[in-house]
2 protein chains.
Amino acid sequence: MTTIKEIAKLANVSTATVSYVLNEPDKISAETREKVIRIIEQTNFKPNSIAKSLKVKKTNTLGIITEDITVFNTPEIIDGIDEYAEKNNYYILLENVRLFKRIGNNYKDTSKFVGVIREITGVLLSKQVEGIIYIGAHCRDVSGLIDKLPVPTVYTYCYTDSDISVNYDDESAAYQITKHLLKLNHKQIGIITGLMDSAQCQDRLKGYQRALYEHNILFNPEYMKVGNWERETGYTAGKELLSLSNRPTAIFALNDYMAGGVIDAAGELGLNIPRDVSLVGFDNRECSYSYTPKLTTMGLPLNAMGAKSAEILINLINHRQKDHLKNVKLKCELFQRKSVGGLL
Amino acid sequence: MTTIKEIAKLANVSTATVSYVLNEPDKISAETREKVIRIIEQTNFKPNSIAKSLKVKKTNTLGIITEDITVFNTPEIIDGIDEYAEKNNYYILLENVRLFKRIGNNYKDTSKFVGVIREITGVLLSKQVEGIIYIGAHCRDVSGLIDKLPVPTVYTYCYTDSDISVNYDDESAAYQITKHLLKLNHKQIGIITGLMDSAQCQDRLKGYQRALYEHNILFNPEYMKVGNWERETGYTAGKELLSLSNRPTAIFALNDYMAGGVIDAAGELGLNIPRDVSLVGFDNRECSYSYTPKLTTMGLPLNAMGAKSAEILINLINHRQKDHLKNVKLKCELFQRKSVGGLL
DNA sequence: CTGTTAGCGCGTTCAC
DNA sequence: GTGAACGCGCTAACAG
C-alpha cells in the first residue's frame, strides 16, 4: 500500500503538503495541489484511516450489536441506521450475537449472555467506536444486559429502565386499527392476543380498549382470546371466535402469523374473508402479502427506527442532543389490503 | 479512556511489560503479571486496537459490501460470515449499498453504480480491511463492478468472470427436485420458469431436463411455461398447465412466489394440492411455510455460503488457499412439506 | 502566503 | 523486565 511519504516524494513536496491537500486544500496553491492530486490518483493512494484515527482520536465508527441479524425486523433497522450514518460520514462495525443459535429460546434470561455481551462491547470499545446501537431480536426490557459504557448507547427494538430507546407505538397502532374497523361500522371486534406477559401485547390491548371506549362499546371478554403468537393459536382462537353465536364481524390478530391461523379457521368454517368477517394483522410480514386474501396489517417503522437511533446517537456523540429524550416511540402505518370490508 | 501508559505507571512497570502481559504473558513473572492484570481489571482498561493495528499492520477486519441488506437472502449470508469470522477472530465492517433505493430496478446496468462501489471500496481499503466479501442482491454476473483490489475479494450470491465466487448449485437443486417427483411416479411434470435471461433459470432448466432424460422421459414443451418470478405469472402459468387435457400430475415452480400463484390457480379450478396435483417451489422463503398446504420447496444454503465465503477469504488473506478454487457451488436441501404426494 | 520540520498518538517488539 | 524506535498520517510552529 502506498503511503503519504511516497506521494510526497513523487510530488517533490513534504508529507505535510500532501496532508493539507487532502484535508485543507485551500492552504495549498492550486498548482502544487493539482500536481499532488494527480499523483494520488495515479497511484491510487488511500490515506490510512487507522493512522488518522489514532492521531485525531476520532474513528467515525458506530458499533451495532444485533441480537440476531436473521430476525425479520433487524435488516430493515440496520438499513435505516446505515442510511443516516452514511449521510453523516459514519461507518458501521457490526457485531451479531446470534442469540437464538447461541442460547436457544432462553433469551429472556438475560443473565445467560451478559458475558457474551460484555466481550462484544469490549471489542467494540477497543476498536474505538464512538457510540453503540443495540438492536433487540424481540421487543423487551434488556436492563442490566450492558454495563454502563463510556460511549453513548441507544437501544432499539428493546429498552432498558434508564437508557434512551427507540421503538414504535404499540398502543397507538392498535388504537388506529380498532378505530379503522369501528369507522367501517364494525361493533363486534374480536381480538387475539399474544403472550400476555409481553409489554407489547399489553399496550396493544390498551389501544384496542381505548378505541372501543371512545365509541361507547363495552369490552366483551368473550371477544378476547389469548394466543402465543404462533399460527396454530390463531387458528384455535379464530375457530372459537367464529363459532360464537354472536360471532364478531371483525377480528384483530396481534400478529400476522395468528391472522394466518384465522384464515385457516374461517376457511374451514366456510366463512369468507372479508365478506363474512374482516381480519387485520400486525407486523406486515412478508407472508401477510401472500395470504388469500391479502392481509390488511400494521406496518412497523423499522427503517425510521434505525434512522432515528442513528440520529440520536450521532447527536449524543457530538453533544448536541436535547437530553429530555428517553423512550422515543414512532408511529406505525396501516397497510390496507383485501381482508377488511365495511358494514352498512 | 485509559492508556497503556497509565496502567504502566500504576503498576510501576514499563509499558512494554504491560504489553507483554497482554500478548505474551509467559514472558512475564507470575507476580508482576498478576499485579498488572489486577490493575487492568480495576481500571477497565481496553487496549486501543487502532494503535495496535497501526503497529502490527493487521486489523483483523473484513469488509462486507451488501447490495441490499433488506433482501431476504442477505442477512442469513451475513450470519454465516459472521459466525466463521468470529471463530477466527475477524471483525466486520459493513457497507450497505442500498441498491434498490439508490438506483431502482436498473440494477442490471452495472455502469450506473460503479462510482458508488468505487467510493465504498475506497472507504473499506482506507480503513485497512484485509479482505472483502461482496454479497449480491440477486444472483448474476457483476463483472466490471469492482476494480481489481489490493486485497482478496470473494463474491457470493453473484459472480464475475475472473474472481472467486460462492453460490449454490441450481442445476443440481432442480435435478434433485425433479428426481424426487419422478421417484414418486410423477411422469408428467410441469415447470414454470422465471425470466429466461437469468443463468439461474437456465441452470435449473438443465437440472430438470437431466432428471427427465435419466428416466427416459421426453421433454414436453407444453409442460413448460415462462414466468417472471412474480406470483401473478405463477397463477397464469398454473392455470394454463392445469387446464391442459393431459394436465401434469406435478408442477415445479422455479420460485415460491410463483408456486403461490399455482396454489391460487388450483384453488380456482377446484383442484386439491397434493391430491390432484403436486407442487414444489424454490427458495424456501418465509411465505412458503404459510401457504396452504405448506409448500415443499428447495432451501438455499445461505448460511453455509456466508461461512464458506469467509473461510475462503480468510484463507486467502493468510495465504493458505488452494488456488484452484473459482466458482464454488454449495448443495441445496429439499424441505419436504405437504404439497407433494405420490402416485401409484 | 506557501510549504517544511518535527513531535505526537498508543501499543509493539527488539536489543540490552 | 526496560528503553526506545517504529507504524502512518496530522498539524502546530516556523522558515523562506
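Below, chain A is the first sequence line, B the second, and so on; all start at residue 1.
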Here the distance between atom C1' of D:dA13 and atom NZ of A:K27, to the nearest Å, is 11 Å
Nearest whole Å is fine: how far is D:dG9 P from A:K46 NZ? 13 Å
As a quick check of understanding, evaluate side chain to side chain contact (heavy atoms under 4.5 Å, CB included) for A:T32 and A:V13, giving each step before the final call. CA-CA 8 Å; A:T32 21; A:V13 295; 4.2 Å; yes
Whole angstrom is fine here: how far is it from NZ in A:K9 over to P in C:dT5? 13 Å
One thing to verify: whether B:E24 and B:K27 come together as a salt bridge, which I'm taking to mean a side-chain N less than 4.0 angstrom from a carboxylate O. yes
Closest-nucleotide 5' rank along DNA chain C - winner of A:S14 and B:I4: A:S14
Provide, to the nearest angstrom, the distance between the CG atom belonging to B:N12 and the C1' atom belonging to D:dG1. 13 Å
Looking only at side-chain N and O atoms, does B:N89 offer a donor or acceptor that is under 3.5 Å from a partner on B:N60? no
Donor-acceptor check, side chain of A:S126 to backbone of B:K46, threshold 3.5 angstrom: yes or no? no
Taking CD from B:E6 and P from C:dC10, how many angstroms apart are they, rounded to a whole number? 9 Å
Just wondering, are more than 12 heavy atoms of other shown residues or ligands nearer than 6.0 Å to NZ in A:K58? yes
Write out a two-atom table: protein N or O, nucleotide N or O from nucleotides 5-7 of chain D, distance below 3.5 Å.
residue, atom, partner, partner atom, Å
D:dC6, O2, B:K55, NZ, 2.9
D:dG7, O3', B:K57, NZ, 3.4

If only atom types and distance count, is the side chain of A:R98 paired as donor or acceptor with the main-chain N or O of A:E67 below 3.5 Å? no
Base, sugar-phosphate, or nothing: which does B:S49 touch, judged by heavy atoms less than 4.0 Å apart? nothing
Check every strand shown and say whether B:S29 touches a base, only sugar-phosphate, or nothing at a heavy-atom separation below 4.0 Å. sugar-phosphate
Which one, D:dG1, C:dG3, D:dC8, comes nearest to the side chain of A:I28? C:dG3
Across the strands shown, which category fits A:T17 at heavy-atom distances under 4.0 angstrom: base, sugar-phosphate, nothing? base
Short side-chain to backbone donor-acceptor contact, B:T43 and B:I39, under 3.5 Å: yes
Presence of salt bridge, B:E86 and A:R102, under 4.0 angstrom: yes
Once you apply a heavy-atom cut-off of 4.0 Å, does A:I50 come out as touching a base, just sugar-phosphate, or nothing? nothing
Between A:D68 and A:K101, is the closest basic N to carboxylate O distance under 4.0 Å? no
Going by heavy atoms closer than 4.0 Å, what residues in residues 18-25 of chain B are next to DNA chain C? B:S19, B:Y20, B:N23
